[in-house]
Amino acid sequence: MSFQPLTQEPDIQSKWLEQGAFSISTQDIGAREPYYTLVMLPYPSGRIHMGHVRNYTLGDVAARFQRMRGKAVMHPLGWDSFGLPAENAAIKHGIHPAIWTRENIADMKAQIQRLGISYDWDREIASYLPDYYRWNQWLFLQMWKRGDVFRALRNVNWCEALGTVLANEQVVDGKDERTGHPVVQRPLEQYFFAITNYADELLKGLEGLDWPDNVKAMQRHWIGRSEGARLRFAVPEQPAVEVFTTRMDTLFGVSFLALSIEHPLIEAQADQDPKLRAFVARIQAQSREERMTADVKEGQRTALHAVHPFTGELIPIFAANYVLMDYGTGAVMGVPAHDERDHEFAVKYGLPIPKVIDSTDPWEPGTLVNSGEFDGLSSEAAAQAMVARLGDRADRAVTFKLRDWGLSRQRYWGTPIPTVHCPEHGVQPVPETALPVRLPEDVAFSGAGASPLTTSQAFLAAACPICGGPARRETDTMDTFVDSSWYFLRYLDPKNEALPFDKVAADAWMPVDLYIGGIEHATMHLIYARYFHKVLRDLGMVSCDEPFQKLICQGMVLKDGFKMSKSKGNVVDPDEVLARYGADALRLFMIFAAPIEKELDWTGFDGIEGSTRFLKRVARLVDEHTLSAAPLPPREQLTREEQDLLRKLHQTIHRITEDLAVRYQFNTVVSSLMELVNAFGDLPLAAPHRGPVLQHALEAFVRLLSPVAPHLAEQLFGQLGGTGFAMAAAWPAADPAWMAADEVLVVVQVNGKVRGRVTVPAAATEDQRREAALACAEVLPHLQGKEIAKVILPPNGKLVNIVVKNTGE
RNA sequence: GCGAAUGUGGCGGAACUGGUAGACGCACUGGAUUUAGGUUCCAGCGGUUCAUUCCGUGCGGGUUCGAGUCCCGCCAUUCGCACCA
């Protein structure tokens, strides 16, 4: 029948779908162990790209392997279908985001099905559908009740000309990327999830996760825990200024306080100080980007002074551009002698630079000097002593870089936040019975002005849940990261109309056994989802602490060393490859060409030609084989070559199983398959038991092939007389008795250099191995005139090292 | 600057606990089959050498009978964060 992927693969795919070969249910758990393979929720941009192909193929190999091992495999896919591109398409082409999204999903789904990925499509979800986003709203209400949601002011990117808020990615060089209108920072009242309540747990939880080190490091850094102290400086006739410091020991070196321009004290002073007001206004006018990238430290002296808590000295207070309002307390004690930034600032403004720490590196801790009663103490001891001595003016404190999660978006295409604004009762959540709050259809997409939601009168009109009076419906929508923070739970119970998911289903499958996706989600998505999962646990909805036990980040797919992108014009369309080579060849190449976590360079079609060559060879091997019903003869009746083939078979089963189950090293799975195929070629045509030996080996081989090249495996499985699906057949077991050879090759080294090889019986004792090595013909010349100091025999028995030294002359 | 990772043939990469460096594939070279191209098959393919001679896993040291693997010090590349008090 040979290898005809373009006609055979679609047939096999329809058979799988018709017979529900990929479907799974919670009832399947019991006799079978659950296994949950997940890939990151894709955005339906319209076309799949090679990155998707790589990601989904990797997940599918794991899913198919675990299924064959008898696990109940959960393997779903859905669509992260809210977000800016759909709204931009609406503005640009006048097509409604829902229609654009629906069409894109249909196209991409067809492409993915053509790859033969074994998703249980009955569990497909899409976040833009009310069936899904109503549960975002429901969860928001639960979190509101628990106090996980709050409202606060935060700066947004505001474009005056458009009268709209822009997302960070829409702002380039301080301008709207579409129109070029200037963008400034402006505070707006928004909703937040109090993720910082979980900062410590999010940090500690990383320890137990089987995740790549760099991802864990990124999260640790993102959470950014630092220990120090909070300390209040008295300011005459003003409220005290609280600072956070990790270097309490340097307190005697303070020569100024630097406050953020948003600090309340600075805001109050600016009212009466024109110079300060001008400074604040100038910094405020800078775009977010300008301000983040400015590396010049600037400040403006205020008329105020703080009192040093120990010396009583008056310390000038500055407003400074390098102090961030949302880290620590928004105020810094300036210690120029022992902090690089403070030093730069003090030099610029002519402030004193008193040295108070003796150490080799001025920025590092050491021993205190010029610090009164604390002189001579170590930095660590001094910090403790100072906090104690200051009583209620200082406390030990921990600060995080992690900020609360602002979830408001002034956009149409997202989950409406389920609240109303009542003139009487303020912001009130809508009752659960009123969910979902649906997105209205009658909106205008102009790209200018406030959110399109404000153009729907029907949507805006609401009633206050407390007084029943007229209220304005909230027009902010949720960050799409909310959608992707719990979707993996909805897959487990996608049709539930009473709850987002049932706890029984969640307990059955969670945590996810293998999560595969791009490293670009190392911080945001992977922290938000962990946070949501912990909130859900505290709501009693899930039992485990962490959602994703094992994470693998696959490398990017490149073309000639560069990221594939439309603008570079170097995109390789998966459809083109599928149309020429079929799914199996593409899958095989994706798995074989590079280790999972490394970049994969698509240098041309040579690689996939090689994959096709291999698959053809495999097909030919089975075509040329004559079916044999005879039982496999006992080992002792087989010839050496026949035994060699079966030994290679069992060694390969062992290796591939380890690579898939333990090491997650998929590229060597393909190498092992190729080696085994090469070994098939070494079996002589005249081998007396060729029929049964080959039959036995091919039946096992086809199963090993099935996760990577499932279509061809299906076809060959049938050709070899198998019934049912290859994908449902049992994974072969490696027989240790077969893996061991009765003779082993021993490498003989002299002083660590390979000098010869001898074959000894597997059962040979150490003494026999030593004898054989010393008698080895190639080794003898290297022993001439030398004294044998010792002979090393490592426990693996595959090597003998003879250590010699020169005798006299 | 801080953090993490990675350096192995012309290329992608193997080498699992320190034990035959270069598996497997791509490209290339020669040969066979073929009218030819393609396909398929066989052989070769790190450098060097008269020689299985010596050299060789980014560089320099070290530990060891033995180092791609472990330790110390560099260099380079990639990624992430970046005024974090």
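Proteins get letters first, then strands, A, B, ... in listed order; numbering begins at 1 in each. All of these numbers come straight from a predicted model, not from anything done at the bench.
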Taking only the [atom1] atom of each, what is the distance from [N] to [M] in whole angstrom?
| N | M | atom1 | answer |
| --- | --- | --- | --- |
| B/G44 | B/U63 | C1' | 40 Å |
| B/G18 | B/C65 | C1' | 12 Å |
| B/G30 | B/G38 | P | 13 Å |
| B/C42 | B/G47 | C1' | 26 Å |
| B/A67 | B/G58 | P | 15 Å |
| B/C59 | B/G68 | C1' | 15 Å |
| B/U6 | B/A21 | P | 24 Å |
| B/U69 | B/C16 | C1' | 11 Å |

Could you tell me the separation between the [atom1] atom of [X] and the [atom2] atom of [N], rounded to a whole number of Å?
| X | N | atom1 | atom2 | answer |
| --- | --- | --- | --- | --- |
| A/His221 | B/C79 | NE2 | C1' | 13 Å |
| A/Glu262 | B/C83 | CD | P | 14 Å |
| A/His782 | B/C65 | NE2 | C1' | 17 Å |
| A/Asp213 | B/U6 | CG | P | 9 Å |
| A/Ile596 | B/G13 | CD1 | P | 13 Å |
| A/Met524 | B/G80 | CE | P | 14 Å |
| A/Phe589 | B/G12 | CZ | C1' | 8 Å |
| A/Glu520 | B/U78 | CD | P | 19 Å |

(request) Would you kindly compare A/Glu778 and A/Thr603 by the position of their nearest RNA chain B nucleotide and give the one closer to the 5′ end? (result) A/Thr603
(message) Judged by each residue's nearest nucleotide on RNA chain B, which is more toward the 5′ side, A/Ala217 or A/Asn751?
(response) A/Ala217
(message) Checking one value: the base orientation of B/G46, syn if chi is within 90 degrees of 0, otherwise anti.
(response) anti
N/O donor-acceptor pairs under 3.5 Å from side chains in residues 206-215 of chain A, not counting sequence neighbours:
| unit_1 | atom_1 | unit_2 | atom_2 | d |
| --- | --- | --- | --- | --- |
| A/Asp210 | OD2 | A/Lys550 | NZ | 3.4 |
| A/Trp211 | NE1 | A/Phe548 | O | 2.9 |

(request) Any chance you could encode RNA chain B as dot-bracket? Rule is Watson-Crick or G-U wobble with both distances under 3.5 Å; [ ] for pairs crossing earlier ones, | for another strand. (result) (((((((..(((......[....))).(((((.......))))).((......))..(((((..]....))))))))))))....
Whether the side chain of [X] engages the backbone of [Y] through a donor-acceptor N/O pair (distance < 3.5 Å, no angle test) should be reported.
| X | Y | value |
| --- | --- | --- |
| A/His782 | A/Arg755 | no |
| A/Arg587 | A/Pro707 | yes |
| A/Glu743 | A/Val760 | no |

Across the strands shown, which category fits [X] at heavy-atom distances under 4.0 angstrom: base, sugar-phosphate, nothing?
| X | result |
| --- | --- |
| A/Lys401 | base |
| A/Gly610 | sugar-phosphate |
| A/Val803 | sugar-phosphate |

(message) Check for me whether A/Arg580 meets the cation-pi criterion with A/Phe605, that is, NZ or CZ under 6.0 Å from the six-membered ring centre and within 45 degrees of the ring axis.
(response) yes
Just checking, any donor-acceptor pair under 3.5 angstrom between side chains of [X] and [Y]?
| X | Y | result |
| --- | --- | --- |
| A/Asn321 | A/Arg282 | no |
| A/Tyr349 | A/Ser255 | no |
| A/Thr668 | A/Gln665 | yes |

(request) Run the ring-centre check on A/Phe256 versus A/Phe345 and record whether the distance is less than 6.0 Å. (result) yes
(request) Give a yes or no on whether the ring-centroid distance for A/Trp405 and A/Tyr528 is below 6.0 angstrom. (result) yes
(request) Sugar-phosphate means primed atoms, P, OP1 and OP2; the rest is base. With that split, encode nucleotides 38-47 of chain B 5' to 3' as B, S or - using protein heavy atoms under 4.0 Å. (result) --SS------
(message) Protein within reach of the bases, or only the backbone? For nucleotides 14-24 of chain B, mark each nucleotide 5' to 3' as B, S or -, using heavy atoms under 4.0 Å.
(response) SSB--BB--BB
(message) For the CD atom on A/Glu520, are there more than 12 heavy atoms of other groups (residues, nucleotides or ligands in this structure) within a distance under 6.0 Å?
(response) yes
(message) Is it true that, when you exclude A/Lys798 itself, more than 12 heavy atoms of the residues, nucleotides or ligands shown sit nearer than 6.0 Å to its NZ?
(response) no
(request) Apply the side chain to side chain contact (heavy atoms under 4.5 Å, CB included) test between A/Val748 and each candidate in A/Val758, A/Val791, A/Asn801; give the one that qualifies. (result) A/Val758
(message) Short of 4.0 Å, heavy atom to strand atom, which residues of residues 224-233 of chain A count as contacting RNA chain B?
(response) A/Ser226
(request) Identify the two heavy atoms, one from A/Arg247 and one from A/Ser379, that lie closest to each other, and give their separation to 0.1 Å. (result) NH2-OG, 4.1 Å
(request) Check A/Arg770 against A/Asp767 and note the closest heavy-atom contact, atom names and distance. (result) NH1-OD1, 2.8 Å
(message) Run the side-chain contact (heavy atoms from CB on, under 4.5 Å) test against A/Arg341 and tell me which residues pass, sequence neighbours left out.
(response) A/Lys297, A/Tyr322, A/Asp339
(message) Quiz question: going by heavy-atom distance under 3.5 Å, is there a donor-acceptor pair between the base of B/C83 and the side chain of A/Lys297?
(response) yes
